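As structure tokens, the structure follows; a few thoughts come after it.
Every chain is numbered from 1, with letters handed out A, B, ... down the list of sequences. Not measured: the values here are computed from a predicted model.
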Amino acid sequence: MPVESVSLFWTASAFVILMMIAGIYCILATFNLTRALIGIEILMKAVTLLLIVVGHVTQHTALAQALVITLIVIEVVVMVAAGGVVLSVFRKNKTIDVRRLRNLKG
Amino acid sequence: MATLLILLPLAIIMVLNLPFKDAFKRAAPFLGGCFYLLQAALVVFHPAAFWDDIYNPLEAFFAFECSTDALSLVLFLSIAIVGFVAVLVGAHALKNPRQRFFLINLLLLATVGMNANVMVTDLFSTYVFLEVTAVASFILIAMMKGEGALEGAFKYIILSVIASVMMLLSLALLVLVTGQTSFEAVRAGLGASPESLFVKMAMILFVCGLFVKGGVVPFHAWVPDVYASAPSFVSVFLAGIVTKVSGVYILMRLLVSVFGFEASVQQVIMFVGALSIVVGALAALAQRDFKRMLAYSSISQVGYIVLALGCGTPLAVAGAAFHLFNHAVFKSLLFVNAQGVEERCGTTHMEMVSGLGSRMPVTGWTSVIALLSTAGVPPLAGFWSKLLIIMALLNASRYGYAAVALFSSVLTLAYFLSMQRRMFFGKPHKGMENIREAGPVIVGVEIILAGITVGAGLLYPLVLEYFILPVQRVVG
């Protein structure tokens, strides 16, 4: 691959890794279910970005576009299901704070 | 024609959701049950016109290729059996026709995902159908909105999405190296650059993602919570087949047709499998709740499948496929027993339930059959699959792992017998004298599943020759 796309790939990868760390931190640090979902969104966005960059670097832009569009649709479906679960938790317990929900032991 | 196994359940879902009268929607369990019976019949009678015809109506619209072989047949039959059981037990347990309708739709949707997963030959399609199955199972778990179930569902969602992220990262790396996503092209591309760091990372990430989905030991935290808190008829479906297809089967398929068996990956997979067997069995010994114990037992049995898979010889993979089928049958049977006990006693906690054997004879005895099959006592089906696995391990000179597999059977027997003694043998507690046998549907399902376990065990020459040993050719 050409030199400029290699440097583009490494810059983007660094950014993707930062986003993943942010997403994982967001999931681990919060006690709020909605914020955990936001963390998941950040993780998914990082992967999407990586796929786009990979498509650009390897000159397979059409493949990458097809993958990313499908991915976005799937992500929306998963988020709707997850949002439904959070809503049911809220209706049942009047809270979405994990600390008040720990009925299950690991 | 085999794509019909994807299109038919989709068509059933669409027809059911057309704005017809409610009377039509009541037929949902019937239609669902018929579909699973049809799928089972197609595998058992194996009409060549259906399986050999490569006509694929989806290919006209999408880049969607699929193929079937002996390994897929084992999976199709397991999916059909567990799906049929889940439809019957779910339709019996849910009295509200609306909920029943939702249940059938979700079961069929998960089946679309799993049937497709069994057939696809493309990494990205694999991911897409994994998510179809996963979303259907999220909703199935949370459907009854019990407090524990919602929490379990949320845990499952978080871990499942993290697994998806790992798989997508791996996919991105594979596209970077090979520029393609279909199994064949990726395999060819990997052959061209075997020592690349990206390839190693991609393999490890994908395998870890599948371990999360399959609930293997370092990643098993969600399994007991989900199985124990979900309604029993959903646990039947999840433990019996969903985690097996979306975790273990895809791992099998990837190792066989994409990554190949490489020594370092094999080591990791075998170690994780053995760890799973032992940790699952030891944790099951400590449980006080029937469903939680079954969940840990499930982790332990998945360990056997993964261990055999890691061994990588054709015989070992055939043994893994057979154990997967057996696990689908006996674990569904045990969860159906749990459903029966829960219905009559209102709890599955072992301290609060005792002496059910004299009150619920069918449930008690079928659970004995299932636990003996799990522990690998001849002549039940579980014995033959464990025998195949241990023989394959010995042939490959993996004596340590063979010993682990052998002695963990004793642990399995220990925790199940202690469960059986507390719950079914002995004298009933006060207030338990008037418990009656579970309803006719549950009893019927229990007898069918116990029959399959005993039948497959007694007719093992036939089962092995026509059904299991052809799997070896897939690897070869």
Side-chain angles (χ1 to χ4, degrees), chain A residues 1 9 13 16-17 20 23-24 27-28 33 36-37 39-55 57-60 63-64 66-68 70-71 73-93 96 98 101-106, chain B residues 62-63 123-125 127-132 134-162 164-181 198 220-226 228-229 283 292:
Chain A
M1 24 177 148
F9 174 73
S13 305
V16 166
I17 290 170
M20 302 213 79
I24 291 170
I27 294 172
L28 292 180
L33 294 185
L37 289 191
I40 281 181
E41 272 296 279
I42 297 174
L43 279 178
M44 292 295 273
K45 290 294 177 284
V47 175
T48 315
L49 180 64
L50 184 65
L51 271 172
I52 293 171
V53 173
V54 163
V57 168
T58 54
Q59 314 275 307
H60 286 96
L63 177 71
L67 300 191
V68 165
T70 320
L71 196 59
V73 174
I74 291 173
E75 199 185 319
V76 170
V77 174
V78 172
M79 280 301 136
V80 168
V85 171
V86 174
L87 189 63
S88 306
V89 170
F90 180 71
R91 284 200 182 135
K92 193 138 196 130
N93 303 310
I96 46 172
V98 186
L101 295 176
R102 296 218 165 124
N103 303 317
L104 300 173
K105 299 178 291 288
Chain B
F62 310 103
L123 280 171
F124 193 72
S125 311
Y127 164 75
V128 170
F129 288 110
L130 266 180
E131 288 296 345
V132 171
V135 170
S137 3
F138 300 155
I139 307 173
L140 275 173
I141 297 164
M143 197 173 66
M144 304 299 286
K145 297 192 180 163
E147 209 165 306
L150 288 173
E151 213 179 312
F154 194 78
K155 239 183 193 176
Y156 185 35
I157 290 175
I158 298 274
L159 282 169
S160 169
V161 172
I162 290 174
S164 309
V165 168
M166 287 191 208
M167 286 187 235
L168 285 170
L169 273 179
S170 155
L171 192 82
L173 293 176
L174 289 174
V175 170
L176 183 69
V177 176
T178 64
Q180 296 288 329
T181 58
F198 285 147
H220 67 291
W222 61 272
V223 176
D225 291 348
V226 168
S229 61
R292 246 183 135 69

Enter the distance from [X]:[atom1] to [Y]:[atom2] here, rounded to the nearest 0.5 Å.
X: A/L67; Y: B/T181; atom1: CG; atom2: OG1; answer: 6.0 Å
X: B/Q180; Y: A/H60; atom1: CD; atom2: NE2; answer: 5.0 Å
X: B/L171; Y: A/L50; atom1: CG; atom2: CG; answer: 10.0 Å
X: A/T70; Y: B/Y127; atom1: OG1; atom2: OH; answer: 9.5 Å

What are the two closest heavy atoms between A/V85 and B/A142, and how far apart are they?
CG2-CB, 4.0 Å
Considering all heavy atoms, the nearest B/A172-A/V54 contact
O-CG1, 3.6 Å
Heavy-atom pair count under 4.5 Å with chain A, highest-scoring of B/L168, B/I139, B/I157
B/L168
Side chain, backbone, both or neither: which part of A/V47 has an atom under 4.5 Å from a heavy atom of chain B?
side chain
Taking the side chain as everything from C-beta on, heavy atoms only, tell me whether B/F124 gets closer than 4.5 Å to A/L63.
no
So, applying side chain to side chain contact (heavy atoms under 4.5 Å, CB included) with B/E131, which one of A/L71, A/V73, A/I74 is it?
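It is A/I74, the one option of A/L71, A/V73, A/I74 that forms the side chain to side chain contact (heavy atoms under 4.5 Å, CB included) with B/E131.
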Could you tell me which portion of B/F154 (side chain, backbone, both or neither) has an atom closer than 4.5 angstrom to a non-hydrogen atom of chain A?
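Both the backbone and the side chain of B/F154 come within 4.5 Å of chain A.
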For the side chain of A/K92 and the backbone of B/K145, is there at least one donor-acceptor N/O pair under 3.5 Å apart?
yes
